[in-house]
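Below you'll find the structure, written out as structure tokens, and then a few comments.
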Amino acid sequence: MISNRLSSITPSYTIGVSNKVIEMKKSGIDIINLSIGEPDFNIPAKAKFVGINSLNSNFTKYDLVPGLNILREQICKKLSLENNCSYSTDEIVVSSGAKHCITNTILALTNSEDEILLPKPYWVSYPEIIKLLNCKPVFVETRLENDFKVDCKELETYITNKTKILILNNPSNPTGSIYTKEELLKIVELCSKHNIYILADEIYERICFNNQFISVASISDLAKDITITINGFSKSSAMTGLRLGYSASNKSIAKAITTIQGHLVSHPCLTSQYIAYSALKDCSSEIDNMVKHYKTRRDLVCNKLDSIENLSYIYPNGAFYVFICINSIKNKFKFKDSFSIEFCNEFLNKHKVAVVPGIAFGMDDFIRISFASNEDILLEGLNRLKLFVSNLHN
């Protein structure tokens, strides 16, 4: 018999879209895929060379559970220089991707049936990870006029004596919204008042277009003590397939995470760790260049969306997504369960463009597009979106 815990797990909508795209491409259909949540760049050459050299040097044996010392030292330097956060190596744990870091953290901090606050819209895997770990996701409503960022007065109404963690995705996937220092100060104050940890998922922090990103842990010593920062290399260094992330927390939490990781996976792939080490140490200019391209694409996409009637969107200051409101054309569709899924299916079937339905993020009146593609692909995809929407009114 399969475990009962799987009965509450929702299949990934994004994987569902990807599978359909793969099937259509196998049938010879040319698809413009704007659903992809990974960079279209490659790992920087210098970092790849260090990884290859580590293999040639036979650096392939067991090592420390929380990660290579040289990598954790480099992470500490990065956090200090870029994020104004002071950590020691025994407060850093390197894991097999940010998902693994999140899972480790929740395992370390919660008991069965504890509640985890999850602002909407949320990244697709958060609620499923929470449920798999026998905790309860508590969905926090947010407002469009605030770019779907949490309001502390409203957030406090969701807190109970079972609340253990607030997940804060900053910059946000899917909206690209970024919290200000003032907003973070209020969140820290509220969480401290109620003895709630902040799981700060900052995987997109390097992809920031307004130079105003603030790490939660940098706010104060108190903020640092109650915050577990999650970051990694998939988005900033195009290392999606190498599966490497890290957490930064106080020593007691880091020790607990290390204990859990030691029994479950030991440590992540050493070759990936050497590549990540070089990405941090040697490749900042290449990463800056990627961000420059993303900003250009962001501007191109938003300018094009401005020309499409009946659509609105949240202006993204980070990450590489745009969250588009399609509510004004809802009456043009007949759907049984999900409006956004029906929209995406019809758009894919009629115009051969793949986007992600907003229901995947808990918001059924939206779709998400990724601008992690070259400008020609983006323009063609958006031209087809404009045609699709305009035809609905004919």
Side-chain angles (χ1 to χ4, degrees), residues 13-15 17-18 21 30-44 98 121-124 147-148 169-178 201-213 232-241 286-308 311-326 340 343-344 347-348 351-358 360-361 363 366-389:
Y13 291 104
T14 52
I15 291 176
V17 172
S18 297
V21 169
D30 187 24
I31 302 295
I32 291 178
N33 192 354
L34 302 185
S35 71
I36 300 172
E38 69 174 341
D40 61 325
F41 299 100
N42 293 315
I43 297 169
Y122 46 76
W123 176 55
V124 295
D147 291 341
F148 290 130
N169 185 203
N170 183 35
S172 165
N173 171 12
T175 67
S177 299
I178 295 178
D201 184 350
E202 299 181 357
I203 190 71
Y204 291 98
E205 56 88 24
R206 196 66 172 79
I207 307 172
C208 177
F209 309 126
N210 60 8
N211 298 316
Q212 294 177 358
F213 178 80
F233 304 91
S234 291
K235 314 303 180 180
S236 62
S237 304
M239 288 174 55
T240 50
E286 288 91 336
I287 295 170
D288 288 341
N289 186 56
M290 291 184 205
V291 176
K292 181 180 178 181
H293 280 283
Y294 288 136
K295 186 177 187 297
T296 299
R297 295 169 182 179
R298 188 275 310 266
D299 294 343
L300 180 151
V301 168
C302 290
N303 286 336
K304 190 67 179 179
L305 286 172
D306 288 338
S307 73
I308 304 177
L311 296 184
S312 59
Y313 62 92
I314 295 172
Y315 189 74
N317 285 309
F320 41 66
Y321 309 106
V322 184
F323 206 43
I324 303 171
C325 182
I326 55 174
S340 61
F343 178 98
C344 291
F347 188 33
L348 179 58
H351 293 273
K352 308 301 181 286
V353 180
V355 298
V356 182
F361 312 98
M363 309 289 282
F366 289 77
I367 59 171
R368 188 199 76 179
I369 68 170
S370 164
F371 49 87
S373 298
N374 69 51
E375 284 84 348
D376 291 339
I377 290 174
L378 290 170
L379 278 175
E380 180 60 27
L382 291 167
N383 283 334
R384 295 185 192 185
L385 177 62
K386 185 173 184 177
L387 178 63
F388 179 51
V389 173

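If you read the sequence from its start, that first residue is 1, and numbering goes on from there.
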Scanning both residues in full, the closest heavy-atom pair of Ser340 with Ile326 reads CA-CD1, 4.4 Å
Flag side-chain contact, heavy atom, 4.5 Å: Asp299 against Lys295: yes
Rounded to the nearest 0.5 angstrom, the CD1-OG distance for Ile43 and Ser237 is 8.5 Å
- Hey, are the side chains of Ile367 and Val356 touching, using non-hydrogen atoms and a 4.5 Å cut-off? no
Note to self: Less than 4.5 Å apart, side chain to side chain, heavy atoms only: is that true for Ile377 and Leu34?
What the structure shows: yes
- Step-by-step side chain to side chain contact (heavy atoms under 4.5 Å, CB included) determination, Phe41 to Glu286: CA-CA 10 Å; Phe41 299 100; Glu286 288 91 336; over 6 Å; no
Check: residues 378-387 side-chain donor-acceptor pairs under 3.5 Å, at least two apart:
unit_1	atom_1	unit_2	atom_2	d
Glu380	OE2	Arg384	NE	2.9
Glu380	OE2	Arg384	NH2	3.4
Asn383	OD1	Lys304	NZ	2.6
Asn383	ND2	Leu379	O	3.2
Arg384	NH1	His351	O	2.9

Verify, without hydrogens or angle tests, whether Arg368 (side chain) and Gly358 (backbone) share a donor-acceptor contact under 3.5 angstrom.
-> no
With sequence neighbours left out, the residues meeting side-chain hydrogen bond (donor to acceptor under 3.5 Å, both in side chains) with Asp306 are Tyr313
Non-hydrogen side-chain atoms of Ser177 and Ile314 separated by less than 4.5 Å: yes
For Met363 and Pro121 the tightest heavy-atom approach is CG-CB, 3.5 Å
task = Taking the side chain as every heavy atom from C-beta outward, state whether Val124 and Tyr13 have any pair of such atoms under 4.5 Å apart.
result = no
For Asp147 and Thr175, the nearest pair of non-hydrogen atoms, with its separation, is O-OG1, 4.3 Å
Residues at least two apart in sequence or cross-chain that pass side-chain hydrogen bond (donor to acceptor under 3.5 Å, both in side chains) with Glu38, listed by chain then number, are Thr240
Those residues at least two apart in sequence (or on a different chain) that pass ring-ring contact (aromatic ring centres under 6.0 Å, His included) with Tyr315 are none
Contacts of Gln212 meeting side-chain contact (heavy atoms from CB on, under 4.5 Å) (sequence neighbours excluded), chain-then-number -> Asn210
Contacts of Ser370 meeting side-chain hydrogen bond (donor to acceptor under 3.5 Å, both in side chains) (sequence neighbours excluded), chain-then-number -> none
Taking the side chain as every heavy atom from C-beta outward, state whether Asn317 and Phe213 have any pair of such atoms under 4.5 Å apart.
no
One should read off an interatomic distance between Asn169 CG and Ile203 CD1, to the nearest 0.5 angstrom, of 9.5 Å
ring-ring contact (aromatic ring centres under 6.0 Å, His included) filter on Phe323, not counting sequence neighbours, yields Phe361, Phe366
Would a 4.5 Å heavy-atom cut-off, applied to side chains only, mark Ile324 and Ile369 as touching?
-> yes
CG (Asp376) and CG (Asn374) are apart, to the nearest 0.5 Å, by 5.5 Å
* Check whether any side-chain heavy atom of Pro316 sits under 4.5 Å from a side-chain heavy atom of Ser172, and report yes or no. => no
Interatomic distance, CD1@Ile287 vs NZ@Lys235, rounded to 0.5 Å, equals 14.5 Å
Sequence neighbours excluded, the answer for salt bridge (charged side-chain N to carboxylate O under 4.0 Å, His left out) partners of Arg297 is Asp40
Phe233 meets the ring-ring contact (aromatic ring centres under 6.0 Å, His included) criterion, sequence neighbours left out, with Tyr246
Separation between CG (Leu305) and CG (Leu300), nearest 0.5 Å, reads 9.5 Å
Taken in chain and number order and not counting sequence neighbours, the residues that satisfy side-chain hydrogen bond (donor to acceptor under 3.5 Å, both in side chains) with Asp201 are Tyr126
* Phe388 and Phe343: aromatic ring centres closer than 6.0 Å? -> yes
In short, Tyr321 meets Ile36 closest at the heavy-atom pair CE2-O, 4.2 Å
Glu205 meets the salt bridge (charged side-chain N to carboxylate O under 4.0 Å, His left out) criterion, sequence neighbours left out, with Lys78
NE2 of His293 to CZ of Phe320, rounded to nearest 0.5 Å, is 14.5 Å
Step by step, would you call Cys208 with Ile178 a side chain to side chain contact (heavy atoms under 4.5 Å, CB included)? CA-CA 9 Å; Cys208 177; Ile178 295 178; 3.6 Å; yes
Of all heavy-atom pairs linking Ala319 and Phe371, the shortest is O-CZ, 3.6 Å
